[in-house]
Amino acid sequence: MLINRDVSKFKLVTSIQLFLFFCLSDVSSNSVAQKIYVELNNTVPCVRLLNATHQIGCQSSISGDTGVIHVLESEADLEWPLSKGPNPPYMVLLESSLFTKSIMMKMKNASSRVAGVVVVPKTSPPEFSPHTTCPNENTGVYTETYDHNLAHCNTTVWNPRGNGLSYEEFDFPVFSLKEDNETEVIKQCYFDHNRVVNGSGLQYPLCAMQLFSHMYAVTDTATCMRRGSIDFSTSPVMVCNPLGDYNVCAFIRPYNSTAFGHKENESVVVAAARLDSRAFFLQDSTGAEGSVSGFVTLLAAAQALREATQEAPPTRNILFAFFHGEVFDYIGSSRMVYDMKNNKFVIDLDNVHSILEIGQVAVRSGTNLFLHSDPVSRRNNTIHDESSTAGLNFSFVETGFSQPLPPSSFQRFLRARAIPGIFLADHQTAFNNRYYESFYDDAAHLNLTYPSNLSPEEQLEFVTDTAKSLTEVATAVARALFKQAGGNNSQVNNINADPKTVTQMLYGFLVRSNNSWFQALMAPELKDVLQPNPPQYYVGVAKLPHQANALTYLVQYLLANLTGTATNLTQSQCKKPDELPNESTYMYSYFWVQGMVPPNSTQRESFCVRTAVRLAKAVSPAFDLGDYVSKEYSTWTESQWTFIKARIFLVASRDLEMLTLGVGVAVLFTSLLVTYFVSTKADVLFSAVREPNNGAY
């Protein structure tokens with residue numbers, strides 16, 4: 001019995017020791033991993049997008065892709081990773097000047113030797129546009145049935161610099177590095193271990209990189225949506241999600257938000273601009289000229305019209321519409337047109353008198369802005385009126401009668417009905433924008449520069465030349481809208497945009513959204529959307545109800561503050577205004593905003609804004625209709641993924657790895673044999689000798 005107890009005691013102690021060993025080894029394994037790997041925390045991946053016909057973008061294998069780092073210093077260096085290098089596959093690091101379609105396609109065609117690509121954004125090239133030459137060519141108004149001569153940019157190639165790189169598919173991961181320190185760590189690792197000198201062979205260990213960006217969705221939108229709908233469990237997992245968010249809308253005279261459909265004796269002028277942009281790396285998109293110049297101009301025009309439309313209301317209403325997802329086959333505008341056609345919006349298409357859309361307006365090559373219209377549905381229009389630009393440093397010029405509209409939200413309205421309208425832009429034919437839909441279309445592209453001795457708050461107030469230029473455009477737009485809506489001509493010259501507001505918006509949207517002015521205009525619960533950098537302009541995937549992305553919230557609250565009315569309502573009253581007389585959530589929205597911090601104080605002066613601003617769904621009708629192969633509406637989706645990660649480490653030679661594996665296997669089997677021997681001989685090895693009993697009876 002004593003022997004059995006001792007053996008049991010031994011097994012218990014052994015079990016406790018093994019348990020402690022594994023617990024401690026689990027803790028120590030984390031520290032071991034930290035010693036082996038250097039994690040790269042500031043990266044942006046290229047992800048996979050899908051539509052009705054195909055997939056684009058990038059992905060890694062399910063376990064990540066690993067390769068020996070090679071720093072590409074010129075296109076001639078491609079020979080090493082693609083053919084000469086003895087240690088494929090390679091992880092190619094290149095600066096943005098070498099991030100061209102020709103180089104990327106060469107690596108794509110030799111993908112067995114390329115594990116991935118890492119791009120380091122540096123100085124801007126003379127021009128670069130990874131978009132197509134004819135944006136949204138299959139979902140605009142110009143089709144074979146409307147006017148085949150104008151279809152597919154046959155008359156005007158709008159983006160001749162476009163190389164289509166963003167619409168290619170790569171079967172290896174492609175990342176962008178955002179942190180200079182991490183770039184230097186990678187380069188130093190490469191120079192210390194991988195760089196070939198005078199053709200000499202490489203010495204182990206080599207510096208390697210591992211990228212994780214495995215995408216769940218494959219083939220096309222119809223395939224991934226079908227797979228996501230298969231219920232394998234109580235909680236089916238979506239492998240892709242529709243792109244979309246919300247449009248931001250506001251009437252100068254609000255309508256009951258619950259009364260949809262046609263409004264008798266109502267005529268509405270639509271003033272529109274797009275919100276979103278994209279880049280090869282979706283989260284890198286800034287769209288300074290592509291989208292920001294247009295919607296900032298429209299926001300400033302809306303503010304300029306506020307006082308004039310209250311003092312002398314025009315006979316027609318004005319709808320300010322900021323469309324989201326336009327880069328991806330006009331998601332936002334096609335949704336609004338669909339809702340208008342199906343009595344799901346507060347007005348219908350018959351209520352629309354005309355449309356004025358603001359496009360790219362910040363890169364003027366002269367003193368003119370160009371009025372584009374559709375040659376098929378062209379009608380007389382009062383927008384081209386010299387009095388709108390009186391006293392300003394530019395003029396409106398109409399383009400040729402045979403030239404089609406540039407890519408624009410206006411085209412989606414024309415697909416449904418012949419509506420007169422104008423698209424305002426700084427280009428007569430091809431885009432002036434040298435960086436259309438690329439990460440170079442940023443603040444620097446608009447020459448948005450500040451004196452070096454200014455603090456962030458002083459930069460916020462500094463009126464740049466770009467701000468002055470866009471202020472004049474906003475003034476002309478506001479005057480044109482006022483007259484188009486039937487406003488009194490005697491009021492026109494009193495309408496002027498505010499350059500301080502424009503410069504603050506440009507700073508917030510292109511430099512730093514987390515600034516004192518944006519903070520004052522936002523709700524307390526939304527303060528986290530403000531960041532020490534510009535907001536993201538990629539539309540992203542459709543959110544849950546009442547959830548929008550940061551850009552949408554910023555434009556919503558800016559428009560509310562610029563066109564709404566500050567009230568004396570308390571915070572609790574602002575949350576439940578329907579309990580008060582003369583207040584109605586059917587007619588207005590009510591926002592409790594943080595307000596400014598007065599001098600010599602630490603408390604904000606918060607207040608309630610009454611506004612006509614509303615959010616309207618900006619998700620393609622194709623997903624409501626279940627038509628995932630639609631040719632009428634956008635079908636773009638984004639693939640789901642588990643995690644995104646990048647790290648570097650030193651890799652040993654193949655011989656050393658096999659030797660280490662062999663030693664490990666030998667140690668394992670030796671330990672198993674020893675354990676088996678000890679276990680079978682435990683009674684002998686751990687027996688206790690019982691001493692004789694000396695007690696007398």
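FYI, the numbering just counts along the sequence from 1.
- Under a 3.5 Å cut-off, the side chain of Thr315 and the backbone N or O of Ala485 do form a donor-acceptor pair.
- Judged purely by distance below 3.5 Å, without hydrogens or angles, the side chains of Asp329 and Thr139 pair a donor atom with an acceptor atom.
- By the salt bridge (charged side-chain N to carboxylate O under 4.0 Å, His left out) test, Glu127 is found to be paired with Arg161, residues two or more places apart in sequence or in another chain being considered.
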Practice problem: Begin with the C-alpha distance, continue with both residues' side-chain angles, and end with the deciding distance and a verdict on salt bridge (Lys or Arg N to Asp or Glu O under 4.0 Å) for Glu326 and Arg412. | Solution: CA-CA 10 Å; Glu326 296 301 273; Arg412 290 302 303 190; over 6 Å; no
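- For His152 (side chain) and Asn154 (main-chain N/O), no donor-acceptor pair under 3.5 Å exists by modelled atom type.
- Side chains of His445 and Val363 form a contact here, defined as non-hydrogen atoms less than 4.5 Å apart.
- Between the side chains of Arg364 and Ser469, at least one donor N or O lies within less than 3.5 Å of an accepting N or O.
- Atoms OG1 and OH, on Thr223 and Tyr628 in that order, are 12.0 Å from each other to the nearest 0.5 Å.
- Contact between His546 and Tyr553 at its shortest, heavy atoms only, is O-OH, 3.3 Å.
- In this structure, Glu437 contributes its side chain and Ala279 its backbone to no donor-acceptor pair below 3.5 Å.
- For Ser513 (side chain) and Phe509 (main-chain N/O), no donor-acceptor pair under 3.5 Å exists by modelled atom type.
- Under the 3.5 Å distance criterion, the side-chain polar atoms of Thr133 are left unmatched by any main-chain donor or acceptor of Val157.
- Counting only heavy atoms from C-beta outward, the side chains of Val119 and Val117 approach each other to under 4.5 Å.
- Relative orientation of the Phe439 and Phe99 rings is parallel, given thresholds of 30° and 60° on the angle between their planes.
- Put simply, the side chain of Leu424 reaches to within 4.5 Å of the side chain of Leu371, judged on heavy atoms.
- Using the six-membered ring where Trp is involved, Trp636 and Phe328 have ring planes that are perpendicular, over 60° apart on the 30 and 60° scheme.
- Listed for the Gln55 side chain is no donor-acceptor partner under 3.5 Å among the backbone atoms of Leu49.
- Checking side-chain atoms of Thr156 against main-chain N and O of Thr429 turns up no donor-acceptor pair under 3.5 Å.
- Judged purely by atom type and a 3.5 angstrom limit, Asn51 has no side-chain atom pairing as donor or acceptor with the backbone of Thr635.
- Using a 4.5 Å heavy-atom threshold, the side chains of His372 and Glu357 count as separate.
- Side-chain contact annotation: Ser438 with Asp441, donor-acceptor N/O pair under 3.5 Å absent.
- Under the 4.5 Å side-chain criterion, counting only non-hydrogen atoms from C-beta, Asn317 is in contact with Ile252.
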Self-check item: Working for side-chain contact (heavy atoms from CB on, under 4.5 Å), residues Ser166 and Arg278
Solution: CA-CA 9 Å; Ser166 290; Arg278 70 158 300 178; 3.6 Å; yes
Practice problem: Any chance you could lay out the side-chain contact (heavy atoms from CB on, under 4.5 Å) test for Phe295 and Val248, step after step, and finish with the verdict? | Solution: CA-CA 11 Å; Phe295 75 71; Val248 182; over 6 Å; no
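- Figure legend: cation-pi geometry between Lys344 and Phe260 absent, as NZ or CZ is not positioned both under 6.0 Å from the six-membered ring centre and within 45° of its axis.
- The CE atom of Met225 lies 8.0 Å from the OG1 atom of Thr221; values are rounded to the nearest 0.5 Å.
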Quiz prompt | Derivation and outcome, side-chain contact (heavy atoms from CB on, under 4.5 Å), residues Arg415 and Ser334 | solution = CA-CA 9 Å; Arg415 279 181 75 122; Ser334 64; over 6 Å; no
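- In summary, the side chains of Gln536 and Ser285 do not present any donor paired with an acceptor at a separation below 3.5 Å, with no hydrogens or angles considered.
- Put simply, the residue from Val541, Val539, Asp276, Leu615 that forms a side-chain contact (heavy atoms from CB on, under 4.5 Å) with Asp245 is Val539.
- Side-chain contact between Val269 and Phe482: absent, with no pair of heavy atoms (C-beta onward) separated by less than 4.5 Å.
- The local environment of NE2 in His54 is crowded, with over 12 non-hydrogen atoms from other residues, nucleotides or ligands closer than 6.0 Å.
- A cation-pi arrangement is not found for Arg614 relative to Phe322, the charged atom failing to lie both closer than 6.0 Å to the ring centre and inside a 45° cone about the ring normal.
- Ser634 and Ala622 make their closest contact through O-CB, 3.6 Å (heavy atoms, listed as atom of the first residue, atom of the second, distance).
- Side-chain polar atoms of Ser129 and Asn159 form a donor-acceptor pair below 3.5 angstrom.
- Judged by distance alone, the side chains of Tyr440 and Ser96 do bring a donor and an acceptor atom under 3.5 Å apart.
- In this structure, the separation between SG on Cys46 and CE on Met104 is 7.5 Å, given to the nearest 0.5 Å.
- Using a 4.5 Å heavy-atom cutoff, the side chains of Asn489 and Lys483 are in contact.
- Between Trp158 and Gln428 the shortest heavy-atom distance is CZ3-O, 4.3 Å.
- With contacts defined as side-chain heavy-atom distances shorter than 4.5 Å, the pair Ser409/Phe423 does not qualify.
- With Ser620 contributing its side chain and Phe623 its backbone, the two residues share no donor-acceptor pair below 3.5 Å.
- Closest heavy-atom contact between Leu298 and Ala271: CD2-O, 3.5 Å.
- Atom OG1 in Thr53 sits 7.5 Å away from atom CG in Asp220 (nearest 0.5 Å).
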Practice problem: Carefully, step by step, assess Tyr338 and Phe345 under the rule ring-ring contact (aromatic ring centres under 6.0 Å, His included). | Solution: CA-CA 9 Å; Tyr338 173 82; Phe345 196 68; over 10 Å; no
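- Shortest non-hydrogen contact noted between Gly261 and Lys263 is O-NZ, 3.3 Å.
- Neither side chain, Asp284 nor Tyr538, offers a donor N or O lying under 3.5 Å from an acceptor on the other.
- Residue Leu562 comes nearest to Arg306 through the heavy atom pair O-CD, 3.3 Å, listed as atom of the first residue, atom of the second, then distance.
- A side-chain donor from one of His262 and Asp348 sits under 3.5 Å from a side-chain acceptor of the other.
- Expressed to the nearest 0.5 Å, how far CG of Asp442 lies from CD of Glu289 amounts to 12.0 Å.
- Tyr146 and Tyr142 have perpendicular rings, their planes meeting at more than 60° on a 0 to 90° scale where under 30° would count as parallel.
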Practice problem: Before giving the answer on side-chain contact (heavy atoms from CB on, under 4.5 Å), spell out for Leu356 and Val477 the whole-Å C-alpha distance, their side-chain angles and the decisive distance to 0.1 Å. | Solution: CA-CA 9 Å; Leu356 171 58; Val477 167; 4.1 Å; yes
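- Side-chain atoms of Glu266 and Asn351 form no donor-acceptor pair, as typed in the model, at a separation below 3.5 Å.
- The only member of Val361, Val473, Leu506, Thr501 that meets side-chain contact (heavy atoms from CB on, under 4.5 Å) when paired with Val296 is Leu506.
- Under the rule for a salt bridge (charged side-chain N to carboxylate O under 4.0 Å, His left out), the partners of Asp350 that lie at least two apart in sequence or sit in another chain are Arg417.
- Ring centers of Phe128 and Tyr435: at least 6.0 Å apart, outside the cut-off.
- Taking CZ of Arg48 as the reference point, atom CD1 of Ile56 lies at 10.5 Å (rounded to 0.5 Å).
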